[in-house]
Amino acid sequence: MVTGVMKSGEIINKAPVVTGLVNYEQAGKEFSWEAVKKELFLPDNPAKKANIAYEAIDKHAQSWRKNKVALYWEGPDGTRQKYTFLELKNLSDKCANMLRSIGVKKGDRVFIFLPRLPELYISIIAIAKLGAIAGPMFSAFGPDAVRDRLQNSEAKVLITTQELKERVDTVLWELPKLERIVLVDYRKEYELEEKDVCYATLMKDASDKFEAVGLELEDPLYILYTSGTTGKSKGITHVHYDMISYYITTKWVLDLRDEDIYWCTADPGWVTGTVYGLWGPWLNGVSSYIYDGRFDAAKWYEIIQTYKITVWYTAPTALRMLMKAGDDLIKKYDLTSLRYICSVGEPLNPEVIRWGVKVYQLPIHDTWWQTETGAIMIANYPCLPIKPGSMGKPFPGTKAAIIDGKGNELPAGQHGLLALQPGWPSMLRAVWGDEKRFREYFSINGWYATGDTAYKDEDGYFWFVGRADDVINTSGHRVGPFEVESALLEHRAVAEAGVIGKPDVERGEIIKAFVVLREGFAISKALEEEIKVFIKHRLAAHAYPREIEFCGNLPKTRSGKIMRRLLKARDLGLPTGDISTLED
Ligand code: WTA
């Protein structure tokens, strides 16, 4: 482990904070998860059982917040809708009855493959009410990504649209456990196939009275799949007890208050969109805005202006694209409603923070966490100065450390593995169906190993260094090189493939593939394009290699493993390090 170079002493100081997390040090000393639990649960919470959907929706529907807007929704064509907490309660009650009518029970996996439609959010709440387990999937996934998830989770029901179902049709025969497909946009002229049912028809007949099932706090809530270095993606499983973390991190890190209009730009197919797109704000009774459209700088500013967004949670890639769109564009909009901005997913460049201060008159607060941690673990807080480039400090009540491979804590300034002390409420409870891969997270003596490398400075701020493994972070999306390599091998022209992340100014990293062609195929621009499109359609739009380099062979270890590190070092002109295991 090498010693880190401290960044310049740049600090952004802020005015004192009077609500929310007022004093970081004090909060850490007095912190207890039990106290947070007491604060969240109503004293009249039915029995000892709980349900996140009750705490996030039904509770507010029975309080003064019943007519408060919970969800502002806008579609890609400009259609707008609003739902109060009471309306969301009724709709999700109906949806829970509807799902029950087609056989969904506690513990069943119900996967959702939808654009960011209101039905996506209503379904997630309804699934939780039933005690079933939700599996949100990003609508840009291709058939392979969808099949892997439905197969691994043994999903019983899939909620999707007619259009997206076409992608599932090609793999349906591989999904014997899938009993029903609920079509959200079912139109009359469409013929229902064997497993299909129509959302609208079933909803019409369903009652809007449903009592959220009382659950043990350890009952599963959702599964989100995320990439590792090897094998297929892992089904990270979270439980209802997570809500304790969601509630307090939303309150203290995102600084949400009752009067806020909050916009989280992430899709629920990624953990940020599930945890902080719906549960976090709604547990706090806050109005959340959802935009079901693509990134567009002018549109995004228009949203902030129109909805008077006050708190905005977004990602470095988006911020870099906004920066590129230019400062003149910003002058056309009134963005004065904004009072707080946070970012997640990749390192937030100091330059972007400085730019934020210049154009929005607000610093951007970086937050660090993972699908596995379930909630924000390291962050910049309203009440603490920001050191641009640092992820901030651990959430009160949690311990983060820099360790060596044996679990020893390293002193300030030294690079090492970023680890967390297990035991926070939203820690992953399982890798679905794979105990071994679950245990790997805890293989270093008493720590949860994050897979990231970092260092801590003298003031207790954490600085991101990189990944300890080969996992690629492209525009904030985790992509496992193995998944892309496997998909590449399915193309008829590909004999071998090695995949790396290559640094990129806008996307953080892009995916680069080194490809060895089969006999009889010649290198050409057309073939390169064909392979790119193939991956885009099979796997996912964000997971295709933007760069392909054809080569005669790939560097491998004597045991036959592709040496991705060597590919990367050669590509970037870096020292190749230890190559003693390289095959002759
Ligand atoms: C990376 C997203 C630097 C990191 C919530 C982590 C970050 C992985 C940051 C988790 C940050 C996330 N600075 N890197 N602020 N936030 N990462 O599971 O490598 O999609 O391990 O969760 O993204 O990605 P995931």
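Order of listing sets the numbers, starting from 1, for every ligand and every atom in it.
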Fill in: Contacting atoms of ligand 1, where contact means under 4.0 angstrom from a heavy atom of Arg467
19 (O), 21 (O)

Practice prompt. Verify whether one side chain among Tyr225 and Asn152 offers a donor that lies under 3.5 Å from an acceptor in the other.
Written response: yes

Discussion item. Checking Glu55 against Tyr246: is there a side-chain donor and acceptor pair closer than 3.5 Å?
Written reply: no

Worksheet, complete the sentence: In this structure, atom 16 (N) of ligand 1 is nearest to the protein heavy atom Gly345 N, 3.2 Å

Worksheet item: Could a heavy atom of Trp270 be found less than 4.0 Å from some atom of ligand 1?
Response: no

Worksheet item: Should you measure from each heavy atom of Thr371, which atoms of ligand 1 turn up under 4.0 Å away?
Response: 18 (O), 20 (O), 22 (O), 25 (P)

Fill in: Per-atom contacts, ligand 1 versus Val271 - under 4.0 Å to a heavy atom
5 (C), 22 (O)

Practice prompt. Examine Trp270 together with Phe138 and report whether their ring centres are nearer than 6.0 Å.
Written response: yes

Discussion item. Quick one about Thr265 and Thr314 (side-chain donor to acceptor, distance below 3.5 Å, no hydrogens or angles considered), yes or no?
Written reply: yes

Worksheet item: Is it the side chain, the backbone, both or neither of Val471 that has a heavy atom closer than 4.0 Å to ligand 1?
Response: neither

Fill in: Proximal ligand 1 atoms for Pro347, defined as those under 4.0 Å from one of its heavy atoms
3 (C), 13 (N), 14 (N)

Discussion item. Heavy-atom pairs closer than 4.0 Å: do any link ligand 1 to the side chain of Phe464, the backbone, both, or neither?
Written reply: side chain

Item to complete: Taking only heavy atoms of Asn473 into account, list the atoms of ligand 1 that are under 4.0 Å away from them.
Response: 1 (C), 23 (O)

Worksheet item: side chain to side chain contact (heavy atoms under 4.5 Å, CB included) with Phe395: which of Ile248, Thr373, Leu420?
Response: Ile248

